[in-house]
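Notes follow the structure.
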Amino acid sequence: MSLDLLIKNANLPDGRTGVDIACEAGRITAVEPGITAEAARTIDANGQLVSPPFIDCHFHMDATLSLGLPRMNESGTLLEGIALWGELKEILTVDAVVERALRYCDLAVSQGLLAIRSHVDVCDDRLTGVEGLLEVREKVAPYIDLQLVAFPQDGLFRSPNAEKNLLRALDMGVDIVGGIPHFERTMEDGARSVRWLCEIAADRGLMVDLHCDETDDPMSRHIETLAFETQRLGLQGRTAGSHLTSMHSMDNYYVSKLLPLMAEAEVHAIANPLINITLQGRHDTYPKRRGQTRVPEMRGYGINVAFGHDCVMDPWYSMGSGDMLEVASMGLHVGQMTSREAMRYAFDCVTTHPAKIMGLEGYGVDKGCKADFVLLQARDTIEAIRLKATRLAVVRAGKVISETPPRVAALSLPGRPDTVDPADYAPGGN
């Protein structure tokens, strides 16, 4: 029987080289050297990297590509972004949410980004964003795994109807329970919101993903409450704390207590490097805090850490391109993760680690996995990050759904090569 797709001579993230990947009926049927079967399409990877698809497990798709509506964020702060989003919500329509989200999903596919967890604001009584993104989730299902988080942007208790709206959103089919405890009026209300949200998730058998301690205030410690409630309610492996930027400013003694609690409760951590270093430290002169949470230290405790993109061209962040390799690169630099092993770990933070957070079935490049992967113009994962490697081919269910020509420059220099391929500059040894 002929294969649907055969990739020849590929390198894999785990270090295997020169392997072939056979795809049939939406699954990988073999990963080994020298496969000789006929295929509807054969691609020679020529020693380039084949990776499982990129994953963004923290994003705001209801706001994406809305930059400049109704005005720009002049201060560049988190709080002005929230205020600006409040202005935009009043004029938001379902059609506008759907149109912008679908455009972003087109961009995501071209970047090899095939799984996204998006928070969707439930503080709008019309639930415009919820309605729009539920429609988008259905439309993109053939090519993107989209999870939705019911997110009370203005505070579960601070916003008048957020509690009932969150429950309405879950009843409509939103997947995950979200929150923002540090934005409540008091620390006590924040802790109470964590407890309430975790109880809702436990009752409904859902996962929890909280914007947690996204502040420079070292006394914002709701992640400790999340770890406790996770243990109390048996939610191990089903809860995530996103941002966790207050940990950047906490004293080391307290963190030495906190990280083991997170590890014991199997709480996932999601840093958002591009946004964290842009929004945090705004009140500092010098020295100026980076704001990114303590990724290397979490890694040392075995806590599962992922990197999210968070925003692309919206009230909080005017840049971004859906490129998770850019996210990994920024996380690597800010976290000073410069050993070879740590750089490979940064690649995992946008692939295998978020796959665990999202609970994706059949993820990977091995026999029996879904035939979803990306062919990159790079020899290995470190080179992929260094080069922000071109996505030569993006494959979903064994079908190529996006292709980009290799990035090769033509030179006109006497006595020098005619072309330059940046992937040829990989070091000889790793």
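For reference, positions follow the sequence shown, starting with 1.
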Would you sort out whether Arg126 and Glu131 count as a salt bridge (charged side-chain N to carboxylate O under 4.0 Å, His left out), showing the intermediate values? CA-CA 9 Å; Arg126 299 173 300 155; Glu131 185 179 342; over 6 Å; no
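- For the pair Ala271 and Thr293, the tightest heavy-atom approach, listed with the atom from each and the gap, is CB-CG2, 3.9 Å.
- A ring-centre distance under 6.0 Å is not found for Phe59 and His119.
- Note that Arg158 lies in the cation-pi zone of Phe183, set by a 6.0 Å cut-off to the ring centre and a 45° limit from the axis.
- Paired with Met61 under the rule side chain to side chain contact (heavy atoms under 4.5 Å, CB included), one option of Asp56, Asp314, Leu146 passes, and it is Leu146.
- Distance alone, capped at 3.5 Å, places no donor-acceptor pair between the His182 side chain and the Ser220 backbone.
- With respect to Lys257 and Glu224, a salt bridge is recorded, a charged nitrogen being found less than 4.0 Å from a carboxylate O.
- Of the options Tyr345, Phe347, Phe307, Tyr363, a ring-ring contact (aromatic ring centres under 6.0 Å, His included) to His353 is made by Tyr345 and by none of the others.
- A pairwise comparison of heavy atoms in Cys23 and Gly398 identifies CB-CA, 4.3 Å as the closest pair.
- In this structure, His58 has its ring center under 6.0 Å from that of His243.
- Of the N and O atoms on the side chains of Ser242 and Asp209, at least one donor lies less than 3.5 Å from an acceptor on the other residue.
- Side-chain contact, Arg299 with Asn304: no donor N or O sits under 3.5 Å from an acceptor N or O.
- Here the closest heavy-atom approach between residue Val312 and residue Gly322 is recorded as CG2-N, 4.0 Å.
- Screening Thr351, Ile55, Ile385, Val350 for a side chain to side chain contact (heavy atoms under 4.5 Å, CB included) with Met324, the sole residue that qualifies is Val350.
- Distance alone, capped at 3.5 Å, is enough to place a donor-acceptor pair between the Ser110 side chain and the Leu107 backbone.
- No donor-acceptor distance shorter than 3.5 angstrom exists from the side chain of Ser159 to the backbone of Gly155, with no hydrogens or angles considered.
- Ion pairing between a basic and an acidic side chain is recognised when a charged N comes within 4.0 Å of a carboxylate O; Arg71 and Glu87 show such pairing.
- Judged by distance alone, with hydrogens and angles left aside, the side-chain atoms of Arg396 form a donor-acceptor pair with the main-chain N or O of Pro142 at under 3.5 Å.
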After noting the C-alpha distance and the side-chain angles of Cys105 and Ile144, does the key distance pass the side chain to side chain contact (heavy atoms under 4.5 Å, CB included) rule? CA-CA 8 Å; Cys105 288; Ile144 289 178; 3.7 Å; yes
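- Of the possible donor and acceptor atoms, none in the side chain of Thr128 sits under 3.5 Å from a partner among the backbone N and O of Val94.
- Considering all non-hydrogen atoms of both residues, Val130 and Val174 come closest at CG1-CG2, 3.8 Å.
- Summarising the geometry, atom CD belonging to Gln377 is positioned 10.5 Å from atom CG belonging to Asn46; distances are rounded to the nearest 0.5 Å.
- Asp284 places a side-chain N or O within donor-acceptor distance of the main-chain N or O of Arg289, the cut-off being under 3.5 Å.
- Leu279 approaches Gly76 most closely through the heavy-atom pair CD2-O, 3.1 Å.
- The aromatic rings of Trp316 and His60 are tilted relative to each other, their planes meeting at an angle between 30° and 60°.
- Between Val208 and Leu226, the shortest heavy-atom distance links the atoms CG1-CD1, 4.5 Å.
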Could you walk me through whether Leu67 and Met72 pass the side chain to side chain contact (heavy atoms under 4.5 Å, CB included) check? CA-CA 7 Å; Leu67 182 66; Met72 298 295 290; 3.6 Å; yes
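- For the residue pair Asn165/Asp125, the side-chain donor-acceptor check at 3.5 Å is satisfied.
- Of the possible polar contacts, none joining the Asp189 side chain to the Arg185 backbone as a donor-acceptor pair under 3.5 Å is found.
- With hydrogens and angles left out, the side-chain atoms of Glu80 and Ser75 include a donor and acceptor closer than 3.5 Å.
- For the pair Asn276 (side chain) and Gly291 (backbone), a donor-acceptor distance under 3.5 Å is absent.
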Applying salt bridge (charged side-chain N to carboxylate O under 4.0 Å, His left out), run through Glu266 and Lys356 and close with a yes or a no. CA-CA 12 Å; Glu266 299 175 35; Lys356 183 178 180 181; over 6 Å; no
For Tyr425 and Leu387, run side chain to side chain contact (heavy atoms under 4.5 Å, CB included): C-alpha distance rounded to whole Å, both residues' side-chain angles, the deciding distance at 0.1 Å, then the answer. CA-CA 10 Å; Tyr425 286 74; Leu387 298 169; over 6 Å; no
Does the side-chain hydrogen bond (donor to acceptor under 3.5 Å, both in side chains) test come out yes or no for Gln236 and Gln231, once each step is laid out? CA-CA 7 Å; Gln236 290 89 340; Gln231 287 277 39; 2.8 Å; yes
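- Between the side chain of Thr64 and the backbone N or O of Arg100 there is no donor-acceptor pair closer than 3.5 Å.
- For the residue pair Gln280 and Asp216, a side-chain donor N or O sits within less than 3.5 Å of a side-chain acceptor on the partner.
- At distances below 3.5 Å, not a single donor-acceptor pair connects side-chain atoms of Thr390 with backbone N or O atoms of Pro406.
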